[in-house]
Peer 1: 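Okay, here's the structure, questions in a sec.
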Amino acid sequence: MSFPQTAAARGTATPAPDAPAPYPRRWYTLGVLCLSLLVIVVDTTIVNVAIPTLAASLDAGSGALAWIVDSYTLVFAALLLPAGSLGDRYGRRRALSAGMLVFGAGSLGAALSGTAAQLIAARAVMGAGAALIMPATLALLTAVFTDPAERARAVGLWSAVSGLGVAIGPTAGGWLLQHFSWGAIFLVNVPVVAAALAGAAFLVPASSAPHRPPLDAAGTVLAVAGLGALTYAVIQAGEDGWATTGTLARFAAAAVLLAAFGYSQVRAAAPMLDLSLFRDGRFTAAVASVTVMFFGLAGVTFVLTQIYQFVLGYSPLQAGVRALPGALALAAASPLGTRVAARFGIRAAITAGMLTAAAGLAWFATADGGSGYGHYVVASVLLSAGIGLTMSPATQSSLSALPPAKTGIGSAVSNTSRNLGTVLGVALVGSIAATVYSGRMPAGPAGESVGAAAGIARHLPGPSAAALRDTAAAAFVHGADLGVLVTAAAVLGTAALVARHLPGRR
């Protein structure tokens, strides 16, 4: 990837005389930052297409499969805030390099895992590395791009890479599974990590906050515990039931921990999460819009890769290739979102994106057991296009509300919400799908997962196998529809918040 090195080469305005001089290799720096971002974002969805393979290879049930997906994004989300503070305090390039080393070690451990528990643990290590990387990339971008026009374009590219990584994960995973064992979907990260480390050493300048913030140990512990308890409660609700005593107790514990975290941040002299940021309607609405969009994308991707393989009978590679139209729609819509915001205002761009995504989610929710690929690809393209329209304007809006000293922690807040949306999207949509599916299937092992039903069907006589497959397909699709419908309602509700609080064209 080649980037021009000067604002003049791009035809942009010269920064004001009192603005910091632009970093001469900033476009090459952006290339390194985008590569670092791409590898960690791809891993939020690349494992989805491997779910059937992992279920068979590691004898993993539905709960274990959800944790294999969510252990990465949960730790990623829970550690983003303290990781942003560490980058501000000790240097963002150091945080980026340290994160790449941890992520690479976790990837190697995941590739060599022999049990579901080992894979869950390795994915958690990968999440810790990713938490150091993501806020550092956005904070470094903000530091090296001092011209507002150039920064807006750089944020647009950063946002496009972020969304594209989520969308192309299933395709990349499908290709690797077609040619190699499942460990390859993690082992492929190692050479990318090596390239990013080399690029960071030569092309990324040192950067830190003007004033080093103190570390908030109590806030870190409470944030990790609260988010972990919430995710655990949602995942287990799919297996134990949503109204059982155990489920209600877990949700209550999560609420207490998260409330304690909020109280600790209000009382702290130097809080890890500056809650005053949310007094700015632009910041709050922008963060909320990104959260629900990634909630929808992660939840749909989680169930859709299973529908493609278990219900429609595609191989991992075929399922991954069929996810490409959504990825292309997101890539095409991301730069369009920046242009729409420049011409019609941030509110118009984000609202249009959210309404487009809601239309895609609503269309998805009309599927039944007989729906084919054409139905799902329309839903996927609409959802992805809506996310592309939303991401760049929302990211720019949240960044513009932050003072320079808080870019690291502010970007960590924004990215925490993004990853929290991903975690809860997988947990909630997957949990609703599993609950409805189990309730509609006959008692016994067939109720464990749609994959179990497909496996049992292969050993039954022709008519019995066909009947069980049809029942399993209809039950799983109905559960997925309900989960996606909940997501559509959340997107529409947030669109109303955006219309109220984000500025119009002016």
Peer 1: Quick check for you: to the nearest 0.5 Å, what is the distance between Phe476 atom CZ and Asp481 atom CG?
Peer 2: 10.5 Å
Peer 1: May I have the step-by-step check of side chain to side chain contact (heavy atoms under 4.5 Å, CB included) for Val204 and Leu140, ending in yes or no?
Peer 2: CA-CA 8 Å; Val204 176; Leu140 284 163; 3.7 Å; yes
Peer 1: Is it true that a side-chain atom of Tyr72 and a backbone atom of Val125 form a donor plus acceptor pair closer than 3.5 Å?
Peer 2: no
Peer 1: Please list all pairs passing the salt bridge (charged side-chain N to carboxylate O under 4.0 Å, His left out) test where one or both residues lie in residues 291-309, with sequence neighbours left out.
Peer 2: none
Peer 1: I need the minimum non-hydrogen distance between Ala50 and Ile185, along with the two atoms involved.
Peer 2: CB-CD1, 3.9 Å
Peer 1: With sequence neighbours excluded, give me every salt bridge (charged side-chain N to carboxylate O under 4.0 Å, His left out) pair touching residues 105-123.
Peer 2: Asp43-Arg123
Peer 1: Mind listing the closest non-hydrogen atom pair of Val436 and His478 along with its distance?
Peer 2: CG1-CD2, 3.5 Å
Peer 1: Supply the atom-to-atom distance Leu330 CG to Thr390 OG1, rounded to the nearest 0.5 angstrom.
Peer 2: 9.5 Å
Peer 1: Which residues satisfy the salt bridge (charged side-chain N to carboxylate O under 4.0 Å, His left out) test with Arg250, sequence neighbours excluded?
Peer 2: Asp240
Peer 1: Would you say that Leu141 contacts Thr137 through its side chain, given a criterion of any heavy-atom pair below 4.5 Å between the two side chains?
Peer 2: no
Peer 1: Applying side-chain contact (heavy atoms from CB on, under 4.5 Å), name anything that partners Val486, two or more places apart in sequence or on another chain.
Peer 2: Leu428, Ile432
Peer 1: Measure the shortest side-chain to side-chain distance between Met126 and Phe76 over non-hydrogen atoms and say whether it is less than 4.5 angstrom.
Peer 2: no
Peer 1: Using 0.5 Å steps for rounding, measure from the CG atom of Leu361 to the CG atom of Leu382.
Peer 2: 9.5 Å
Peer 1: Does any part of the side chain of Val47, heavy atoms only, come nearer than 4.5 Å to the side chain of Leu54, both counted from C-beta?
Peer 2: yes
Peer 1: Apply side-chain hydrogen bond (donor to acceptor under 3.5 Å, both in side chains) to Ser107 and list each qualifying residue two or more places apart in sequence or on a separate chain.
Peer 2: Asn189
Peer 1: Of all the heavy-atom pairs spanning Leu96 and Ala200, show the shortest one and how long it is.
Peer 2: CD2-CB, 4.1 Å
Peer 1: For Trp182 and Leu58: C-alpha separation, side-chain torsions, deciding distance, then whether side chain to side chain contact (heavy atoms under 4.5 Å, CB included) applies.
Peer 2: CA-CA 11 Å; Trp182 62 263; Leu58 301 179; 4.0 Å; yes
Peer 1: Taking only residues two or more places apart in sequence, or in another chain, which ones meet Ala196 in a side-chain contact (heavy atoms from CB on, under 4.5 Å)?
Peer 2: Leu35, Ser36, Met100
Peer 1: Of the non-hydrogen atoms in Ala254 and Gly226, which two are nearest, and what is the gap between them?
Peer 2: CB-O, 4.2 Å
Peer 1: Does Tyr376 have any ring pair (Phe, Tyr, Trp, His ring centres under 6.0 Å) partners at least two apart in sequence or in another chain, and if so, which?
Peer 2: Phe364
Peer 1: Once side-chain hydrogen bond (donor to acceptor under 3.5 Å, both in side chains) is applied, do any residues pair with Thr244, and if so which ones, sequence neighbours excluded?
Peer 2: Thr247
Peer 1: Any salt bridge (charged side-chain N to carboxylate O under 4.0 Å, His left out) pairs touching residues 217-237, not counting sequence neighbours?
Peer 2: none
Peer 1: Could you pull out all residues at least two apart from Thr356 that satisfy side-chain hydrogen bond (donor to acceptor under 3.5 Å, both in side chains)?
Peer 2: none
Peer 1: When rounded to the nearest 0.5 angstrom, what is the spacing between CG in Leu258 and CG in Leu222?
Peer 2: 9.0 Å
Peer 1: Check step by step if side chain to side chain contact (heavy atoms under 4.5 Å, CB included) holds for Ser97 and Leu197.
Peer 2: CA-CA 6 Å; Ser97 298; Leu197 283 170; 4.0 Å; yes
Peer 1: So, for Ala229 and Leu257, which heavy atoms are closest and what is the spacing to 0.1 Å?
Peer 2: CB-CD1, 4.0 Å
Peer 1: Would you say that Val49 contacts Gln309 through its side chain, given a criterion of any heavy-atom pair below 4.5 Å between the two side chains?
Peer 2: yes
Peer 1: Are any non-hydrogen side-chain atoms of Tyr308 and Val303 less than 4.5 angstrom apart?
Peer 2: no
Peer 1: Is Leu132 close to Phe103 at the side-chain level, that is, under 4.5 Å between some pair of heavy atoms?
Peer 2: no
Peer 1: Nearest 0.5 angstrom please: Thr487 OG1 to Leu482 CG, how far?
Peer 2: 11.0 Å
Peer 1: Give the C-alpha distance, both sets of side-chain angles, the deciding distance and a yes or no for side chain to side chain contact (heavy atoms under 4.5 Å, CB included) between Ile387 and Met391.
Peer 2: CA-CA 6 Å; Ile387 293 171; Met391 280 195 312; 3.9 Å; yes
Peer 1: Are any non-hydrogen side-chain atoms of Leu187 and Leu108 less than 4.5 angstrom apart?
Peer 2: yes
Peer 1: Got a sec, which residues hit side-chain contact (heavy atoms from CB on, under 4.5 Å) with Leu355, two or more places apart in sequence or on another chain?
Peer 2: Thr351, Leu492
Peer 1: Testing the basics here: between Thr171 and Ala323, what is the closest heavy-atom pair and its distance to 0.1 Å?
Peer 2: OG1-CB, 4.1 Å
Peer 1: Could you give all pairs that pass the side chain to side chain donor-acceptor pair (under 3.5 Å) test and reach residues 253-270, with sequence neighbours left out?
Peer 2: Asp216-Gln265
Peer 1: Are the side chains of Phe186 and Leu119 in contact, using a 4.5 Å heavy-atom criterion?
Peer 2: yes
